[in-house]
Every structure is written in structure tokens, then in C-alpha cells.
Amino acid sequence: MADTSSSAGRLQAIRWESRQLVILNQLLLPHSSEYVKIADCHAGHHAIASMQTRGAPAIAIVAALSLAAELNTHPEFDSSEAACNFIHERLDFLATSRPTAVNLFAAVRELKQVADQALHENTDVREAYIQAAEQMLAADIADNQAIGRFGADFLTNEHKGQLKVLTHCNTGALATAGYGTALGIVRRLWEQGKLEQVVFTETRPYNQGARLTSYELLAEQIPSRLICDSAVSALLKSDPQVSAIIVGADRVAANGDTANKIGTYQLAISARFHNRKFIVAAPSTSIDLNIGSGREIVIEERDDKEITRITGVTCDSLQGGKVEMESVQIAPLETRAWNPSFDVTPADLISAIVTERGVFVKQPGADVFDLASDLM
Ligand SMILES: CSC[C@H]1O[C@H](OP(=O)(O)O)[C@H](O)[C@@H]1O
């Protein structure tokens, strides 16, 4: 498979070159662009759990390729059964890194089946796994570009002229293998000359918007504006030109209930109140048909310190030319915080779900989707 480092012009959060994996350490962005080598599953698990890499599709791909990198250097296995057992055990370990994004668990299931099938067919288990993991990387970019096309067509079919949209968190090349989901729709609108401006939220406490989405949009000179998470309703009230909110997803239930970055639910409530479209953009690998509704989605809760401390760069730390990320306590010590990483938006508040398979909408009068039928 061709190395993906040759992808033209797009930010590369994940680089797979000569069967070696490196990732952009997103904890340091936008101040420092440093790549980290991921040699094995332990490094892959740490990169995901610490959020050096994040974003539902990217989590699955980094997990899959971290095992591919480890297999590539692993000594010869005593038997195909030993190789298959090793792959199962490592995938089960990677599945403990973060609980909400379903893409990781779908990839684990699919890759275990690849190894089992190679064992059954008496072909090279290690090679079959590595090629399947590589395919996931290539497929995600193609999926995102299809989401971009479907989403842009859906928005422009009903809205003549240029569009002003709002997005939350980071759903671009830094959250995927490239191009992005919700931000992929923004990119497509921009490529078509149909985007006036994208407004994006800071997305506390990790600041995916202020740090990562800004990094991507500035790199491509896409007209954009940053707002605080708390300013969304005031913006929708004051600017009727903001016609749609477009967000990503970490796990979509069969009825369309969607887990996404914390704050998404209140954006959907505000969109409904202000009569604006609320669009979810996600590959079908983010849809979990095994759960009927959002009630069954496990919501990750992260360390209080991600709220009570801010990590940033002080001016003097820049003087030496070396960026030092300093973590500063902003709340009184021992302040308790509640830090859910995601919330669930009910299907009733969602106008459409854009996937690489097309745009799914609810039947007239229905307040839920029927994604099992849509995906058949
Ligand atoms: C296409 S990324 C989907 C999703 O992942 C992000 O969460 P995190 O940054 O914690 O991994 C955010 O919820 C995005 O919308």
C-alpha cells in the first residue's frame, strides 16, 4: 500500500511510512508540531488515553496501526494460532484506552475477524492483519471526502448563495485520517466557493476548537471566527446568517441519538430554539446498530484537573525558542469538578445524519431515525 505521507496538501495527523507509525502530538498544538513514534500497542494505548491523538476515526486507526507496527517488528511466532492469539490479546488491551467512540470497538471486531479468517484459511495471519489495518487508513480519507460532498450538497440544495455555519470541537484532519467529517463538509463548501464563514467554538476543557480547528482553518486560510462555548445562543440570536450547526460524532445509536463532545447537546437545543439546521456528520463506522438509543452509550469522564488547570504557553517560555507547555492551576486547589468528555443529543433534535453512504433524515412525523434500514 502506498505510504499516506504523500497525501497532497493536507495536514497529516497520522503518518504510516514503511510500516512505521508516527502521530502528531496534539497536546502540543498549535504551539509546537511534534511527531511521536508509536512502536507498539502500549505506546498506542497511551497516545489515545492521554489524547496525544483523538477523534473517533483517528482513535480506531492509531490503535489498529500501533498493533501493525508492533507485528512488523515482532519475532516470528511459533504458529499461526500464536499469532492470532497475540492479535486478539493486543486488540483487547487497545479497546481499554477510551470507552465512548464506537469506531475503536468496530475496528477491534473487524480486525479480529481478519486474523481468524487468515488462520482458518492457513494464510499469513500477521500480513493479513497489517494490510487490513492499512486499508482502514485509506478508507477513512475516502469516507470523509464522500461525507464532504453529501453534506455540502445537502446544505446548498436548500440555501442559495454562500453559507455561514457553526461547528464544535475538532472534526478535521486532526480527528481522522485526513480531510475530516463535519470539517470535511466545511472544506467542501469552501472548495466550491459556497462558504462565507465558519464559526467554531473553543470547546473547553481540551480546547479542540481554539487549538486544533483554528490550526487547520488558518493553515488553509478558510474564513473563520472563534467564539466561546457560552456564546453560541447569543450568536444564533444576533446573526440570522448562521444557517446550520454541523458537528461530528463518537457513537450514533440505531435511532440516531448521538454521543459527541460535551456541549453538543446544548448546541442542538439552541439550534432548535433558533430554528436552525443541526447536522451530524460521521462515517458509518461511528454508527452502533447494536444499541437502540443513546441511553446505552458509556460517557467517558476525565480527570478534574483538565478543568481546574489550564495548559498553555507563557510568553517567557517562548523566548528561548523552545516551547514549554505549562499547566497552571486556575481554580482553588482541591476544587472538585465534573468532567464528562461527551454528551448525548436526542435524535429528535437532529435534522440529518451525513455519512459516506448518503444523508439520512427522519420519516415525516418521526422523532427518531431508522439507521438500520438506511444502512441496509
Ligand atoms: C471526527 S471526530 C469525532 C469526535 O471526536 C471528538 O472527541 P475527542 O476530541 O475527545 O476525541 C469530538 O467529540 C468529535 O466530534
Side-chain angles (χ1 to χ4, degrees), residues 11 13-14 23-27 29 47-63 97-107 136 139-141 143-148 151 166-187 200-216 229 245-252 258-268 278-288 294 297-303 306-307 339-345 350 353-356:
L11 185 58
I14 304 168
I23 62 166
L24 193 54
N25 180 354
Q26 299 188 31
L27 290 169
L29 289 177
I48 295 165
S50 67
M51 295 179 72
Q52 285 179 328
T53 187
R54 29 64 51 198
I59 288 169
I61 291 162
V62 167
S97 53
R98 290 184 76 189
T100 302
V102 69
N103 310 56
L104 172 60
F105 304 92
M136 285 184 173
D140 189 55
I141 295 175
D143 287 352
N144 291 335
Q145 289 168 338
I147 289 168
L166 182 143
T167 194
H168 185 56
C169 195
N170 173 261
T171 59
L174 290 169
T176 65
Y179 202 75
T181 57
L183 215 56
I185 295 174
V186 169
R187 281 195 163 99
F200 61 105
T201 59
E202 60 184 352
T203 317
R204 287 272 297 142
Y206 183 94
N207 295 309
Q208 287 94 334
R211 295 190 302 112
L212 307 181
T213 298
S214 59
Y215 185 82
E216 290 198 45
D229 301 342
I245 294 180
I246 317 171
V247 299
D250 289 82
R251 192 181 295 243
V252 184
T258 295
N260 195 52
K261 185 48 51 195
I262 188 71
T264 302
Y265 176 38
Q266 61 195 23
L267 297 193
F278 187 83
I279 311 287
V280 169
S284 53
T285 49
S286 298
I287 297 175
D288 183 358
I297 299 176
V298 173
I299 299 296
E300 176 188 26
E301 289 204 22
R302 294 183 66 88
D303 191 312
E306 291 185 355
I307 294 181
N339 185 17
S341 201
F342 304 98
D343 57 27
V344 177
T345 298
I350 299 172
I353 297 175
V354 182
T355 74
E356 77 286 3

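Remember, it's 1-based here, ligands and their atoms both numbered in the order they're listed.
Screening Thr213, Thr176, Asn207 for a side-chain hydrogen bond (donor to acceptor under 3.5 Å, both in side chains) with Asn170, the sole residue that qualifies is Thr213.
Polar contact with ligand 1: absent for Thr176 (N/O pair, distance under 3.5 Å).
The side chain of Phe342, and not its backbone, has at least one atom closer than 4.0 Å to an atom of ligand 1 (non-hydrogen atoms only; side chain from C-beta on). Under 4.0 angstrom from ligand 1, the non-hydrogen atoms of Met51 all belong to its side chain. Only the backbone of Ala249 comes within contact range of ligand 1, with a heavy atom under 4.0 Å; no side-chain atom does.
A salt bridge links Asp288 and Arg251; the closest N-O separation between the charged side-chain nitrogens and carboxylate oxygens is under 4.0 Å. Remark: Glu300 engages Arg302 in a salt bridge, criterion side-chain N to carboxylate O under 4.0 Å.
Among protein heavy atoms, the minimum distance from atom 15 (O) of ligand 1 is reached at Asn260 OD1, 2.5 Å. In terms of protein heavy atoms, atom 11 (O) of ligand 1 is closest to Gly55 N, 2.8 Å. Considering only non-hydrogen protein atoms, atom 13 (O) of ligand 1 sits nearest to Asp250 OD1, 2.6 Å. Thr181 OG1, 3.4 Å is the protein heavy atom nearest to atom 1 (C) of ligand 1. When only non-hydrogen protein atoms are considered, atom 12 (C) of ligand 1 lies nearest to Cys169 SG, 3.4 Å.
For atom 9 (O) of ligand 1, the candidate residues are Arg54, Lys261, Glu300; the nearest heavy-atom contact is made by Arg54.
The closest side-chain heavy-atom distance from Leu267 to Leu166 is below 4.5 Å. Here the side chains of Leu11 and Tyr215 are in contact, with some heavy-atom distance below 4.5 Å. Residues Val280 and Asn260 fail the side-chain proximity criterion, which asks for heavy atoms closer than 4.5 Å. Side-chain atoms of Gln52 and Ile23, non-hydrogen and from C-beta on, do get closer than 4.5 Å to each other.
With hydrogens and angles ignored, the 3.5 Å screen pairs a side-chain donor or acceptor of Asp140 with a backbone N or O of Ala177.
The atoms of ligand 1 that sit less than 4.0 Å from any heavy atom of Gln208 are 8 (P), 9 (O), 10 (O). Atoms of ligand 1 found under 4.0 Å from any heavy atom of Pro57, numbered from 1 in the order shown, are 1 (C), 2 (S).
Put simply, no part of Val247 is less than 4.0 Å from ligand 1, judged by heavy atoms.
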Exercise for review: Start with the C-alpha distance between Gln208 and Arg54, add both sets of side-chain angles, then the distance that settles side chain to side chain donor-acceptor pair (under 3.5 Å), and finish with yes or no.
Suggested key: CA-CA 10 Å; Gln208 287 94 334; Arg54 29 64 51 198; over 6 Å; no
